[in-house]
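Remarks on the structure that follows.
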Amino acid sequence: LQDILGESIYNAALGGTCVARLEADRRMDYAKNSLSLVGLTKAVRAGDFRVQRSLRMRESNTQYFGESLEGLSRVDFSQVETILIQEGLNDYHAGVPVENPENPYDEYTFLGALRSSVRALRDTNPEIRIVLVTPTYTWYTEMGLTCEERDMGGGILEEYVDAEIRAAEELGIEIIDVYHDFFPHEKWEDKDLYTRDGMHPNDEGRRMLAEKIAACLMTGR
């Protein structure tokens, strides 16, 4: 994406994390929840990443978290023009409720945490351009199921995507839909066209995503 746009881009992604907080007893001080999108955006607003820096992650493939968080803490968000947020797949995997009808800002739900995150970013920089990017279509090879068939407790993936699209309109922010009509999925074998395991994009899938995002950023649609 940086090569296509010719702009400076910082990748602050932390694999496996969610938009929402996940602690079952809903304690706001649960440390790992500071790595959720809603936790990170509140750290951005406060300019304080001490909680995130204090974490000692034992899960696999988290070795880079410290470096990513350190870089994120040095970003001057008053100078940031655009933030891309591509989230939702891990919330779907975790069975996070899509929404709490009684509390639209419930941070233990997908949309509540998303609304809170957008609010925190706007508090940090009212002029910042926030662009949501939906998850892509996914296949679960070990089960022989697709994201249209697998409900992990909160609904199928498309329910999260459609909710995110509605939220973008509600919040007045842009959204790039790479779930519908993006990766072909008429046949099971289509999973090998643009993903390496049915979920994570391969090199061609990453190129396709970058081109789609760049085109939308440049045209505004």
Side-chain angles (χ1 to χ4, degrees), residues 1-23 27-94 96 107 110 113-114 116-125 128-136 138 176 178 194-214 217:
L1 185 59
Q2 184 167 275
D3 290 343
I4 296 171
L5 293 175
E7 301 282 351
S8 177
I9 294 176
Y10 183 71
N11 181 359
L14 302 175
T17 57
C18 296
V19 173
R21 300 179 185 271
L22 296 179
E23 177 69 347
R27 291 180 301 171
M28 291 295 288
D29 61 349
Y30 178 51
K32 190 176 178 181
N33 277 332
S34 67
L35 298 179
S36 64
L37 178 67
V38 70
L40 288 172
T41 54
K42 288 189 173 184
V44 167
R45 180 171 60 190
D48 185 351
F49 286 81
R50 284 177 294 180
V51 173
Q52 287 81 2
R53 287 170 171 160
S54 71
L55 294 181
R56 296 293 181 266
M57 301 296 295
R58 292 184 173 87
E59 288 88 344
S60 61
N61 300 319
T62 61
Q63 298 89 342
Y64 65 93
F65 277 23
E67 182 180 351
S68 295
L69 288 167
E70 185 61 31
L72 184 62
S73 70
R74 292 196 299 267
V75 173
D76 181 357
F77 278 83
S78 68
Q79 301 300 311
V80 173
E81 295 179 358
T82 303
I83 292 182
L84 289 166
I85 299 173
Q86 185 174 27
E87 295 269 13
L89 187 62
N90 292 320
D91 295 79
Y92 160 61
H93 288 165
V96 171
E107 295 177 1
F110 176 59
L114 186 61
S116 293
S117 299
V118 169
R119 181 166 61 183
L121 291 172
R122 283 176 164 164
D123 286 346
T124 305
N125 179 351
I128 204 163
R129 180 185 184 185
I130 302 171
V131 182
L132 303 180
V133 183
T134 70
T136 58
T138 57
I176 301 172
V178 292
Y194 298 107
T195 76
R196 54 184 169 85
D197 56 6
M199 185 187 312
H200 300 92
N202 58 23
D203 288 346
E204 186 61 19
R206 291 164 70 88
R207 181 198 61 77
M208 187 175 173
L209 279 165
E211 290 179 350
K212 170 73 171 181
I213 293 169
L217 290 179

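All of these numbers come straight from a predicted model, not from anything done at the bench.
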Closest approach of [X] to [Y] (non-hydrogen atoms, all atoms of both residues):
X: Ser117; Y: Thr41; value: CA-OG1, 3.4 Å
X: Ala113; Y: Glu107; value: CB-O, 3.8 Å
X: Phe110; Y: Gly88; value: CE1-CA, 3.6 Å
X: Tyr10; Y: Glu67; value: OH-O, 3.8 Å

Rounded to the nearest 0.5 Å, how far apart are [atom1] of [X] and [atom2] of [Y]?
X: Arg21; Y: Leu37; atom1: CZ; atom2: CG; value: 10.5 Å
X: Thr134; Y: Gln86; atom1: OG1; atom2: CD; value: 7.0 Å
X: Lys42; Y: Arg119; atom1: NZ; atom2: CZ; value: 7.5 Å
X: Glu87; Y: Leu89; atom1: CD; atom2: CG; value: 9.5 Å
X: Leu55; Y: Phe65; atom1: CG; atom2: CZ; value: 10.0 Å
X: Asn202; Y: Arg207; atom1: CG; atom2: CZ; value: 10.0 Å

Side chains of residues 72-85: which donor-acceptor partners sit under 3.5 Å, not counting sequence neighbours?
| unit_1 | atom_1 | unit_2 | atom_2 | d |
| --- | --- | --- | --- | --- |
| Ser73 | OG | Arg53 | NH2 | 2.8 |
| Ser73 | OG | Glu70 | O | 2.7 |
| Arg74 | NH1 | Glu70 | OE2 | 3.4 |
| Asp76 | OD1 | Ser78 | N | 3.1 |
| Asp76 | OD1 | Ser78 | OG | 2.5 |
| Asp76 | OD2 | Ser78 | OG | 3.3 |

### Message
Leu40 vs Leu69, test: side chain to side chain contact (heavy atoms under 4.5 Å, CB included). Steps then yes/no.
### Response
CA-CA 9 Å; Leu40 288 172; Leu69 288 167; 3.7 Å; yes
### Message
Could you work out, with side-chain hydrogen bond (donor to acceptor under 3.5 Å, both in side chains) as the rule, every residue matching Thr138, not counting sequence neighbours?
### Response
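If we apply the side-chain hydrogen bond (donor to acceptor under 3.5 Å, both in side chains) test to Thr138, skipping adjacent residues, the hits are Tyr140.
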### Asp48: partners by salt bridge (Lys or Arg N to Asp or Glu O under 4.0 Å), with sequence neighbours left out
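Expected list: Arg50.
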Would you call [X] and [Y] a side-chain contact if the rule is heavy atoms closer than 4.5 Å?
X: Leu217; Y: Glu7; answer: no
X: His200; Y: Thr195; answer: no
X: Leu132; Y: Leu114; answer: yes

### Task
Dump the intermediate steps for side chain to side chain contact (heavy atoms under 4.5 Å, CB included) on Leu14 and Ser68, then the final yes or no.
CA-CA 8 Å; Leu14 302 175; Ser68 295; 3.8 Å; yes
Return yes if some donor-acceptor pair links the side-chain N/O of [X] with the main-chain N/O of [Y] below 3.5 Å, else return no.
X: Gln52; Y: Ser34; value: yes
X: Gln2; Y: Ile9; value: yes
X: Asp91; Y: Val19; value: yes
X: Asp123; Y: Arg45; value: no
X: Ser36; Y: Gly39; value: yes

